[in-house]
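Here's the structure we're looking at; comments come further down.
A, B, ... follow the sequence lines: proteins, then strands. Residue 1 opens every chain.
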Number of protein chains: 2
Amino acid sequence: MEGLRDRTRRAVRAELASRALELFAERGFDETTVDDIAGAAGMSKRSFFRYFSTKEDALFGELETMGEQVAQEISARPPQEGPWECLHAVLRTWEARINAQVDVTRLVESTPALRTRLLHKRDEARTHIIRALTDRGVSQLEADLAAAAAGAALDTVAREWLRADGSTDRLALTDRVFAMLRPAFLS
Amino acid sequence: MEGLRDRTRRAVRAELASRALELFAERGFDETTVDDIAGAAGMSKRSFFRYFSTKEDALFGELETMGEQVAQEISARPPQEGPWECLHAVLRTWEARINAQVDVTRLVESTPALRTRLLHKRDEARTHIIRALTDRGVSQLEADLAAAAAGAALDTVAREWLRADGSTDRLALTDRVFAMLRPAFLS
DNA sequence: CCTTGAGTGGCACTTGGTGACATATTTTGT
DNA sequence: ACAAAATATGTCACCAAGTGCCACTCAAGG
């Protein structure tokens, strides 16, 4: 079960993340130092780095284990399912988690350091996804391409969503984009 | 024309890049400081940053204007050509430029900082590619997806090439991967 | 009550990257 | 050929991200 330790730890993490978001939104990412964030949450810079390994992760912290989780969900899918159907089914629920609010997504999109960090996270996840797919019997090349293409799809969805100012039905949009790429993966 | 200035500048850049590669290969990227590289080339750290804007760029320097160049090549394609054919035709020659030698590609693939920087470069290029495609009349969504998918394709090619230890015919492989995704872009 | 262990602050340190100033060297206009 | 403008370089100071280390606090459990 979850003891007091873990609960307070989560609370402090949330507090830091929330302060960071405030400061980023009000001053910009580059103009906010880690000292600022830590100070706003009543702690030292050193302690900040005990909760988040980089400044960027104050925004992306919730996605830390994304790769493992996605890989696990993939393994749980029916084994006869094709790789693209599988990725579609799993990732359609993740899109909303990656891009929670428009403001944040817009901030990420307009801040090179954050954008870069997000790409890095996706790339880490890709590795896990590839393994999960090959474990299902998909060939290396197809698994690799499918994982990369799925990342491209999610990225496209996010930008299209931004273009519509966050007002479109994201699940429908995700389905549409995955459907566009579907013909490529009819093994 | 190209005067002495530009020639020496290119020479110094090349020298720095070459020293950097040597040091990275022998000690690893993280274990090599910018001071080391600059020192090995007989200059100061400050001057290094007058040739490369980041430490990573000592390896990627030649790709600096990739985005603009690719965009320009896209604009030069026959206007009735579909977006995917167009991207395929342009990018098939770029694959070999991005991954020149196996050693370098392997180094990049195994060094998070370098991998991240490469992703960043591709992302910058993507922006330009999207513009070039919409200028040809392609819709925002399709241009976005095609550009992202093309990046995914190149990435997949690079990794498959690595798996074969750099011994496969890369152009043929590139054509194969682009052909796989082709059905998605039959407008 | 005492021990153990986790969270914290503080400090020094490394390193990537930037700005400012002074000084050569090279290009260019006359 | 010479002055003026543009470039290249070094040096130095500086900022901020991130890490290692040590000492301290404080709650939990025997």
Round to the nearest Å and state the distance from A:Phe49 atom CZ to D:dA16 atom P. 13 Å
Gap between atoms CZ and P, on B:Arg117 and C:dG16 respectively (whole Å): 14 Å
Ignoring backbone atoms, test whether B:Thr33 places a side-chain nitrogen or oxygen under 4.0 Å from the OP1 or OP2 oxygen of C:dT15. no
Any side-chain donor near an acceptor of the partner, A:Arg170 and A:Thr174, under 3.5 Å: no
Around atom CZ of B:Arg9, are there more than 12 heavy atoms from other residues, nucleotides or ligands closer than 6.0 Å? yes
Take the protein atom CG of B:Asp35 and the nucleotide atom P of C:dG17, then report the distance between them rounded to whole Å. 12 Å
By nearest-heavy-atom nucleotide on DNA chain C, the more 5' of A:Lys45 and A:Phe48 is A:Phe48
Mind checking if A:Tyr51 touches a base, just sugar-phosphate, or nothing, with heavy atoms under 4.0 Å? sugar-phosphate
May I have the distance from B:Glu31 (atom CD) to C:dG16 (atom P), rounded to whole angstrom? 11 Å
Contact class for B:Ser44 (heavy atom, under 4.0 Å): base, sugar-phosphate, or nothing? base
Closest-nucleotide mapping onto DNA chain D: is A:Asp30 or A:Arg50 further toward the 5' terminus? I mean the 5' end. A:Asp30
Grab the CZ-P distance between B:Arg27 and C:dT15 for me, whole Å please. 11 Å
Is a side-chain donor-acceptor pair under 3.5 Å present for A:Gln140 with A:Asp144? no
What class does the angle between the rings of B:Phe178 and B:Trp84 fall in, given that below 30° is parallel, 30 to 60° is tilted and above 60° is perpendicular? tilted
Counting heavy atoms from C-beta on, name the nucleotide in D:dG18, D:dT9, C:dG9 closest to the side chain of A:Thr54. D:dG18
Going by atom types alone, do A:Arg97 and A:Thr93 pair a side-chain donor with an acceptor below 3.5 Å? yes
How many Å lie between CE on B:Met43 and P on D:dA8, as a whole number? 11 Å
Counting distance alone, no hydrogens or angles: does the base of C:dG7 have a donor or acceptor under 3.5 Å from a partner atom on the side chain of A:Arg46? no
Whole Å only: how far is the NZ atom of B:Lys55 from the C1' atom of C:dT14? 11 Å
What is the separation between atom CZ on A:Phe52 and atom P on C:dT8, rounded to the nearest whole Å? 12 Å
Of the options C:dG16, C:dG9, D:dT9, whose atoms approach the side-chain atoms of B:Val34 most closely? C:dG16
